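Hydrogens, waters and symmetry mates are skipped; everything else that's a heavy atom, side chains included, is used. Given the structure is predicted, the values throughout are model-derived calculations rather than measurements. Sequence lines set the chain letters: A, B, ... in the order given, protein chains first and strands last, and positions in each chain run from 1.
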Number of protein chains: 2
Amino acid sequence: MAARIEDVAADAGVSVKTVSRVLNGYTNVRVKLRERIEKSIRDLNYVPNASARSLAGRRSFLVALLYDNPTAVSSYIMDVIVGVLEACKETPYNAVLHPFDAADDLAARIDGFVAHHRPDALVLVPPHANNAKLLQRLDELDIRYATISSRLRESSIDIGFDERKAAEDIVAHLLSLGHQRIGHVTGLKGHGARAWRRTGYRDALRKAGVAYDASLVVEGDFTFESGLAAARVLLDLDHPPTAIFAANDDMACGVMREAYERGLVVPDDLSVCGFDGTPVSQLISPGLTTVRQPCREMGCAAVQSVLQAIRDPSLHHQERLPYQLKIRGSSAAPGTS
Amino acid sequence: MAARIEDVAADAGVSVKTVSRVLNGYTNVRVKLRERIEKSIRDLNYVPNASARSLAGRRSFLVALLYDNPTAVSSYIMDVIVGVLEACKETPYNAVLHPFDAADDLAARIDGFVAHHRPDALVLVPPHANNAKLLQRLDELDIRYATISSRLRESSIDIGFDERKAAEDIVAHLLSLGHQRIGHVTGLKGHGARAWRRTGYRDALRKAGVAYDASLVVEGDFTFESGLAAARVLLDLDHPPTAIFAANDDMACGVMREAYERGLVVPDDLSVCGFDGTPVSQLISPGLTTVRQPCREMGCAAVQSVLQAIRDPSLHHQERLPYQLKIRGSSAAPGTS
DNA sequence: CTGAAAGCGCTAACAG
DNA sequence: CTGTTAGCGCTTTCAG
């Protein structure tokens, strides 16, 4: 049988409670005792039993990551997960993943979820991160949570990056190449990403003194298919754009597909930019100019902050992480054709 | 405070033990009693406390998914995860993810891992699924595990699909289009996927009466870059192939990139096929002809089998799931150029 | 700064 | 088929 806390206590010649104090990082233990206990722990190869800790301490050591089902298959969430796991690695916490259909009323189901899994903390990505009723209910239940890229002010812990500025940068890049007619495929309603990226697009045009043309902005929903459809609309215009900025990489791929179908060469006949920096942006040919979103870093930071908030419930934390513009082969100066 | 098992027992007028029996699915409870207890559970909104169950029952209700770090960012594992979560959904089990560097000697670290997390069962994907020492140690520790696509016979529960046949199918497809010189970029050593897919390639050639030419087979390691490098070698041959079958989609993208750099048009000048059916295969233009690997289904089946094995340790289960050939725009009859 | 003892909520012998 | 009772291994009052 594995060593238990009382074995450690006996070995170190102290009480069980003192060992527990060391285990939980309390500071009121004499250095000498602490060292003796730590040695016993090593000697006996002692590992605390998580179930017993949970039961006695009324905490699960679980951080739940809530995301929605369409997101489930995107590399965005995969990257966030990598960051979340990384952050948990050096803590006693485990991450558990919970995809929820965005269509479901999560605010109504959250009570049952919490009753079942009893997570100590939650990390929410859009669109759940934008569900005001959900956040309110979590506050009522007194459960700590961190949001990623939430557009709500209600979230006292939110991690993101300057999406508006990133979008502005990428459109400014197109403008600097000489493009004047730049199309934009928007993201899905309800996501902050939609508004921020569109605003960045408009800001870049304004700063360059290029008039905004509403016919160049087409609705998308973050899917490849919507990018394809939007490109059809844009390329069918009497005066089509020479460049298209899609609000994410999948839609940019849709745009590239439509260009391909029409025999248009990217970037000679049409420049295309995406957003997110998903794997496909590197794999596709030509490489897709995009913004690398710091997903991994955001997942990591979200967990770190929310674990801190468990100790200090008053914690308020807004963090904006750096992003990277990735200039690749899909953008170039407009052709003469 | 939430209802506890004794509240349910009191409400139903039975002993705690009987409630426990119902909770754990024992059959030796009279139907009438069972129904009464189930009603009380509903009425009181009772949810068992997982920590207490774990502690008393000496099980964690955790299924750990072990994968390696390069795999971590691939959509392969993302899909497996989706399946694993799906399978856990309707059970009291939670999935926990654990990326391990493939370079690490997992067999040596598994004891510590098990001591810490005490998973009731494990699911292993390649390359860990092929680590004989690891599996042996798990057997010694008496921990149930399921492998996915393991090439070892030692694994008593393994889920996969007929990779050799799938590769044969895809090469047969190229042959049927009229290709005679078909290049192959292999997978990474140590993965069954490498050997199976290469064997399928050779089998297809043999059945079609096409001589095997070793110069058409180039080493790859499943990365985009290795596909790029392999394509360089193949396209530099005096008598280059008219089609290339890469052992996964990322490498196929590398091949397409090299073709793009050389001004070769896919599929007119070169047909390209991948393997896996990752998202990029649909997003890229032209669409990539590939085999959709049933990742989600494998993850799901692996969990189901391994949970069954907890109840019946003698369970022996080998399952081969159906795959799908996806013919897309990247493959066509060889051009006349 | 340290210790003794009382549970956390459930499962599992064991007895009926 | 059902109930009684003793823990599972840890945290945490409450004293000292």
TODO: Give the rounded distance in Å between these two atoms: CG of A:Asn24 and P of D:dT13.
DONE: 13 Å
Open item on the list: Is there a salt bridge (charged side-chain N to carboxylate O under 4.0 Å, His left out) between A:Arg144 and A:Asp142? Walk through the geometry before answering.
Closed with: CA-CA 7 Å; A:Arg144 249 31 78 199; A:Asp142 200 36; 3.4 Å; yes
- [ ] Report yes if a side-chain nitrogen or oxygen of B:Arg30 is closer than 4.0 Å to either non-bridging phosphate oxygen (OP1 or OP2) of D:dC1; otherwise report no.
- [x] no
TODO: Calculate the interatomic distance between B:Phe61 atom CZ and C:dT11 atom C1'; express it in whole Å.
DONE: 10 Å
Could you go over nucleotides 4-6 of chain C and give all protein N or O partners under 3.5 Å, atom names and distances?
none

TODO: Please state how far atom CD in A:Glu6 lies from atom C1' in D:dT11, giving the value in whole angstrom units.
DONE: 14 Å
Task: Close approaches to DNA chain C from residues 49-56 of chain B, in residue order (heavy atom, under 4.0 Å) - done: B:Asn49, B:Ala52, B:Arg53, B:Ala56
Task: Check: A:Glu154 side chain, A:Asn130 main-chain N or O, donor-acceptor pair, under 3.5 Å - done: no
TODO: Establish, with yes or no, whether the OP1 or OP2 oxygen of D:dT12 is under 4.0 angstrom from a side-chain nitrogen or oxygen of A:Tyr26.
DONE: yes
- [ ] Could you tell me the separation between the CD1 atom of B:Ile41 and the P atom of C:dC10, rounded to a whole number of Å?
- [x] 10 Å
- [ ] Output all residues satisfying ring-ring contact (aromatic ring centres under 6.0 Å, His included) with A:Tyr26, sequence neighbours left out; order by chain, then residue number.
- [x] none
Open item on the list: By the side-chain hydrogen bond (donor to acceptor under 3.5 Å, both in side chains) test, which pairs, at least two apart or in different chains, include something from residues 296-305 of chain A?
Closed with: A:Glu86-A:Arg296, A:Arg292-A:Glu297
Task: Distance in angstrom units between A:Asp120 CG and D:dT11 C1', rounded - done: 14 Å
Identify every side-chain donor-acceptor pair in residues 87-98 of chain A under 3.5 Å, counting partners at least two apart or on other chains, and give the distances.
unit_1: A:Lys89; atom_1: NZ; unit_2: B:Pro99; atom_2: O; d: 3.0
unit_1: A:Thr91; atom_1: OG1; unit_2: A:Cys88; atom_2: O; d: 2.8
unit_1: A:Thr91; atom_1: OG1; unit_2: A:Tyr93; atom_2: N; d: 3.0

- [ ] Mind telling me whether B:Phe100 and B:His128 have parallel, tilted or perpendicular rings, with 30° and 60° as the class edges?
- [x] perpendicular
TODO: Let me know the distance between CD1 of A:Ile5 and P of D:dT12, rounded to the nearest Å.
DONE: 11 Å
- [ ] Using whole Å, report how far CG of A:Leu23 lies from P of D:dT12.
- [x] 12 Å
Open item on the list: Testing the 3.5 Å rule here: is there a donor-acceptor pair between the side chains of A:Asp158 and A:Thr147?
Closed with: yes
Open item on the list: Using modelled atom types and a 3.5 Å cut-off, is there a donor and acceptor pairing between side-chain atoms of B:Ser150 and backbone atoms of B:Ala129?
Closed with: yes
Task: Nearest-angstrom distance from the residue atom CG of B:Leu44 to C1' of C:dG9 - done: 15 Å
TODO: Examine the base of C:dG3 for any acceptor or donor lying under 3.5 Å from a partner atom in the side chain of A:Arg21, and report the outcome as yes or no.
DONE: yes
Open item on the list: When you measure from the side-chain N and O atoms of B:Arg58 to the phosphate of D:dC8, is any distance below 4.0 Å, counting only OP1 and OP2?
Closed with: no
Open item on the list: Using OP1 and OP2 only, check whether a side-chain N or O of B:Thr18 sits under 4.0 Å from D:dT2.
Closed with: no
- [ ] Choose from D:dG3, D:dT12, C:dC10 the nucleotide whose nearest atom is closest to any side-chain atom of B:Pro48.
- [x] C:dC10
Side-chain polar contacts of residues 47-57 of chain B - donor-acceptor pairs under 3.5 angstrom, sequence neighbours left out - could you list them?
unit_1: B:Asn49; atom_1: OD1; unit_2: B:Ser51; atom_2: N; d: 2.7
unit_1: B:Asn49; atom_1: OD1; unit_2: B:Ala52; atom_2: N; d: 3.0
unit_1: B:Arg53; atom_1: NH2; unit_2: B:Asn24; atom_2: OD1; d: 2.8
unit_1: B:Ser54; atom_1: OG; unit_2: B:Ala50; atom_2: O; d: 2.8
unit_1: B:Ser54; atom_1: OG; unit_2: B:Arg59; atom_2: O; d: 3.2

